[in-house]
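Heads up: the structure comes next, in C-alpha cells.
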Amino acid sequence: MLKITYLSHSCFLFDDGNYKVLIDPFISGNPTCPEEFKSLVPDFIIVTHAHSDHLGDAIALSKQFGIKVVAVHELANYIVSKNGIAHNMHIGGSFDFPFGRVKFTIAHHGSSTDDNIYMGEPAGVLLTIDNKIIYHTGDTGIFYDMKLIGEMNSIDLYLCPIGGNFTMGIDDAIKSIEFVNPKLSAPMHYNTFPIINADPFVFKQKVESLGKLCKVFEYGETIEL
Ligand code: NI
Ligand code: MN
C-alpha cells in the first residue's frame with residue numbers, strides 16, 4: 001500500500017514501505033508545513049523547478065544525509081555545484097530508480113534561483129511507484145498536451161495547483177482534469193501565502209460535479225492509495 005502525505009504547498013511524501021520519496025521539499029521556510037516534518041529524512045528527492053518554494057530544503061538535505069536529488073539537467077548541475085548529489089534528467093526522459101520510475105513532463109512556468117539565475121526548464125513529474133501513477137504538475141499554467149499525458153498514462157492521482165497568480169487557478173485546474181482524466185485529484189499550491197489564496201472546497205465541489213473524485217488534504221495528512 002502506497003502512503004501519500006501532504007506536507008503543504010506542493011510538497012508530497014510517497015512511502016511504499018521501502019522508500020520515502022519527497023517531491024518539492026519546501027519545509028523549513030514554509031509557514032504551513034507542520035513542525036513534525038522538519039526532521040524528515042527521505043531516501044530520494046524530486047524537484048520540479050528551482051523556485052525556492054520547490055527546491056526548498058533539497059540541497060541542505062542532500063548535503064547532510066547524502067540524498068540523491070532528481071532534477072532536470074541544469075538544476076541538477078546547480079545542486080551538485082552546491083555540494084549536493086543529483087541525478088540529471090530532462091523533459092520526456094524516464095529513468096527507473098529503486099523506488100520506481102520518474103518521467104519529467106513539460107510545465108509552463110519559470111525556473112530561476114533566488115539570485116535570478118536560470119536553471120533550465122521547469123517540469124512536471126510522472127511518478128510510478130507501487131504500481132500507481134502520480135502526475136504532479138509542478139507549477140504550471142494549463143496546456144493542451146495534458147490531454148496527451150492523460151491518454152498515454154492511466155493517472156491514479158493528479159496533483160495540480162489551484163492558487164492562481166503564478167499557476168493555474170481553480171477554473172483552469174478543473175479544465176485540466178478533463179484533459180488528464182485521473183482517478184483522483186488533489187489540489188496543491190494554494191493558501192501558503194495570501195497571493196495564492198484559493199478555496200479547495202470550491203475546487204472539490206467542481207471536480208465532483210464532473211463526476212470525479214477529489215481529495216483535499218489537511219497539512220500533514222496521510223492517505224493510502
Ligand atoms: Ni514556481
Ligand atoms: Mn511555486
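Numbering of ligands and ligand atoms starts at 1, following listing order. Keep in mind that this is a model prediction, so the values were computed, not measured.
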>> Checking one value in my table: which N/O/S atom of Asp139 lies closest to the Mn ion (ligand 2)?
In response: OD2
> What atom name does the N, O or S atom of Asp53 nearest to the Mn ion (ligand 2) carry?
Replying inline: OD2
>> Please give me the minimum heavy-atom distance between Phe104 and Ala123, naming the atom from each residue.
In response: CD2-CB, 3.5 Å
> Do His87 and Phe97 make the cut of ring centroids closer than 6.0 angstrom?
Replying inline: yes
> Parallel, tilted or perpendicular: which fits the ring planes of His54 and His9, with parallel below 30° and perpendicular above 60°?
Replying inline: tilted
> Of the backbone and side-chain N, O or S atoms of His54, does one lie nearer to the Mn ion (ligand 2) than 2.8 Å?
Replying inline: yes
> With a 4.5 Å limit on heavy-atom distance, are the side chains of Tyr158 and Ser176 in contact?
Replying inline: yes
> So what does the His109 NE2 - the Ni ion (ligand 1) - Asp139 OD2 angle come to, to 10°?
Replying inline: 90°
> Taking 2.8 Å as the cut-off, does an N/O/S atom of His9 lie below it from the Mn ion (ligand 2)?
Replying inline: no
>> I'd like the atom name of the N/O/S atom in His51 lying closest to the Ni ion (ligand 1).
In response: ND1
>> Check the orientation of His108 and Phe143. Use parallel for under 30°, tilted for 30 to 60°, and perpendicular for over 60°.
In response: perpendicular
